[in-house]
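The structure appears right after this line, and notes come after that.
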There are 2 protein chains.
Amino acid sequence: MLETPRPDTLRSDARDNRERILAVARTAFGADGLGVPMREIARRAEVGPATLYRRFPTKEALVIEAFAEQMALCTSIVEDGLSDPDPWHGFCTVVERVCELHAGNQGFTAAFMAAFPHAIDFTTTREQTLRAVGELARRAKAAGHLRSDFVISDLLLVLQANSGVRAESPADALLAARRFAALQIQGFRASPGAPPLPPPARLPLLPVG
Amino acid sequence: MLETPRPDTLRSDARDNRERILAVARTAFGADGLGVPMREIARRAEVGPATLYRRFPTKEALVIEAFAEQMALCTSIVEDGLSDPDPWHGFCTVVERVCELHAGNQGFTAAFMAAFPHAIDFTTTREQTLRAVGELARRAKAAGHLRSDFVISDLLLVLQANSGVRAESPADALLAARRFAALQIQGFRASPGAPPLPPPARLPLLPVG
DNA sequence: ACGGTAGTGGAACACCCCGTCCGGTTAGCT
DNA sequence: AGCTAACCGGACGGGGTGTTCCACTACCGT
């Protein structure tokens with residue numbers, strides 16, 4: 001656990017390295033999940049392990065920084081959905097885009113669902129985003145298009161489920177995510193004759209595996 | 001990689017140990033996935049690592065033997081569905097029961113989807129089962145209840161997705177699986193106004209992770 | 001009862017991972 | 001040009017996992 005100076009006070013080459021590390025981490029974690037070793041990240045970034053650890057004192061820190069912008073993207077997706085005049089259309093767009101986002105970022109779902117001990121902002125952002133989704137769902141229900149027994153944790157359910165889908169290429173992953181999202185939307189749609197859903201379960205924030 | 005004599009020619013104590021190991025493996029892999037270490041299996045079975053490896057030359061072998069009966073159960077679930085006079089009802093039951101089965105056996109999905117190099121029967125059983133599902137789906141489509149753009153790999157998609165769902169207790173896992181299955185069925189149901197699904201993706205048989 | 005052999009448990013091997021530290025080197029800044 | 005921050009690469013410790021070695025044990029037929 002070394003010192004970590006503010007990124008903007010770094011020497012230019014150090015700054016470059018930092019950016020390269022983050023880029024590599026995003027690609028690697030996104031493609032192969034959080035299991036990618038730190039040394040592998042360092043190797044691909046053409047950097048020594050020590051450099052990596054000087055910039056990011058722990059793997060957790062690297063993961064959080066690497067996915068910070070995905071997290072922001074996630075939030076903005078939901079905000080876009082909220083600002084859609086048609087709440088059901090907004091809701092569908094959120095489901096689609098979130099599934100696609102997670103499809104291209106295998107590790108992100110794990111990070112998103114994980115209970116990182118040292119990432120307060122990550123956690124709070126997630127909570128806020130979920131609250132926004134709740135508001136969107138409320139409107140979509142009021143409009144009569146979202147089934148009335150939908151609950152927020154259903155979206156977590158779908159997210160977790162989507163993360164279980166593995167494809168053999170990024171292109172296939174995207175296809176699978178799109179098809180999956182479409183199926184979920186169909187399942188969420190309010191339809192008169194449909195039977196009610198079984199009761200929801202409590203979904204945990206799991207430790208990083 | 002040691003010799004592995006036929007189970008029925010074993011000495012009595014060895015036979016006992018073998019059974020205990022299998023029982024422990026089923027519970028452990030079922031509850032916590034294939035990540036459970038061999039040592040842990042041995043410890044819980046009150047057996048040394050060597051004993052474990054004398055009976056099952058590799059972890060893969062243990063996994064296959066442990067889930068052999070789940071595999072058979074899987075097959076019989078599909079056959080039950082096929083023999084249902086109402087193909088759509090049969091189809092729904094298959095989805096529900098398979099999701100529940102996989103919910104209680106975390107590791108099984110991984111094993112089911114995995115491309116085990118040395119498990120010919122496992123693979124062939126899976127293929128046969130999938131073919132049976134295909135026949136069931138054909139009938140359910142003909143009856144007009146299953147959406148016509150359903151393809152077999154959609155079931156694999158749902159299976160993979162279901163395996164991504166994690167709960168904090170077996171009871172919650174079952175609840176989550178039931179709710180998830182209900183959502184999927186709703187998505188699979190043929191409904192006149194529904195838009196067609198995006199194209200399916202090729203899903204791989206992944207190596208054991 | 002007894003001896004041979006299958007069976008056993010614990011230590012050990014080989015490998016991988018995270019995180020750390022250090023000697024010698026490079027590259028930015030002034 | 002020189003000072004210094006930053007870097008590289010390798011080695012190390014601690015922990016984990018799949019698998020094997022070996023001396024000992026306990027079963028079972030005679």
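Side-chain atoms are counted along with the backbone in the values below, which use heavy atoms only and exclude waters and symmetry mates. By convention in this document, chain letters (A, B, ...) are assigned in the order of the sequence lines, proteins followed by strands, and residues within each chain are numbered from 1.
Side chains of B:Q128 and B:R131: no donor on one and acceptor on the other come within 3.5 Å.
Close to C:dG19, at under 4.0 Å from its OP1 or OP2, lies a side-chain N or O of A:T58. For D:dT20, the OP1/OP2 oxygens have no side-chain nitrogen or oxygen of B:Y53 closer than 4.0 Å. The phosphate of C:dG7 (OP1 or OP2) has no side-chain N or O of B:T51 nearer than 4.0 angstrom.
The pair A:R178-A:E100 meets the salt-bridge criterion, with a side-chain N (NZ, NE, NH1 or NH2) lying under 4.0 Å from an Asp/Glu carboxylate O. Salt bridge absent: B:R15 and B:D8 never bring a charged side-chain N and a carboxylate O closer than 4.0 Å.
Within 4.0 Å of A:E46, counting heavy atoms only, lie sugar-phosphate atoms of the nucleic acid but no base atom.
Atom-to-atom, CD1 of A:I41 to P of C:dC17 comes out at 12 Å; the value is rounded to the nearest Å. As rounded to whole Å, 17 Å separates atom P of D:dC24 from atom CZ of B:R54. What separates CG of A:D32 from P of C:dC17 is a distance of 13 Å, to the nearest Å. Atom CE in A:M38 sits roughly 15 Å away from atom P in C:dC21 (whole-Å rounding). If you take CG of A:L62 and P of C:dC17, they are 16 Å apart, rounded to a whole angstrom. Atom C1' of nucleotide D:dG16 and atom NZ of B:K59 are separated by 12 Å, given to the nearest angstrom. When rounded to the nearest whole Å, the span between CZ of A:R39 and C1' of C:dC15 equals 13 Å. As rounded to whole Å, 14 Å separates atom C1' of C:dC18 from atom CG of A:L34.
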Show which side-chain atoms of residues 101-115 of chain B pair as donor or acceptor with protein atoms under 3.5 Å away, not counting sequence neighbours.
residue : atom : partner : partner atom : Å
B:H102  : ND1  : B:V98   : O            : 2.9
B:N105  : OD1  : B:Q70   : NE2          : 3.1
B:N105  : ND2  : B:L101  : O            : 2.8

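Contact of the A:Q186 side chain with the B:R189 side chain is not registered, since no non-hydrogen atoms from C-beta on lie closer than 4.5 Å.
Residues passing the side chain to side chain donor-acceptor pair (under 3.5 Å) test with A:R26, sequence neighbours excluded: none. Annotation: salt bridge (Lys or Arg N to Asp or Glu O under 4.0 Å) contacts of A:E135 (sequence neighbours excluded): A:R138, A:R139. Take A:R43 and apply the salt bridge (Lys or Arg N to Asp or Glu O under 4.0 Å) test, not counting sequence neighbours, and it matches A:E40.
Rounding to the nearest 0.5 Å gives a distance of 4.5 Å between CZ of A:R18 and CD of A:E65.
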Using the 3.5 Å cut-off, write out each protein N or O paired with an N or O of nucleotides 28-30 of chain D and the distance between them.
residue : atom : partner : partner atom : Å
D:dC28  : OP1  : B:S12   : N            : 3.0
D:dC28  : OP1  : B:S12   : OG           : 2.7

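Taken residue by residue, residues 14-26 of chain B places no heavy atom nearer than 4.0 Å to DNA chain D.
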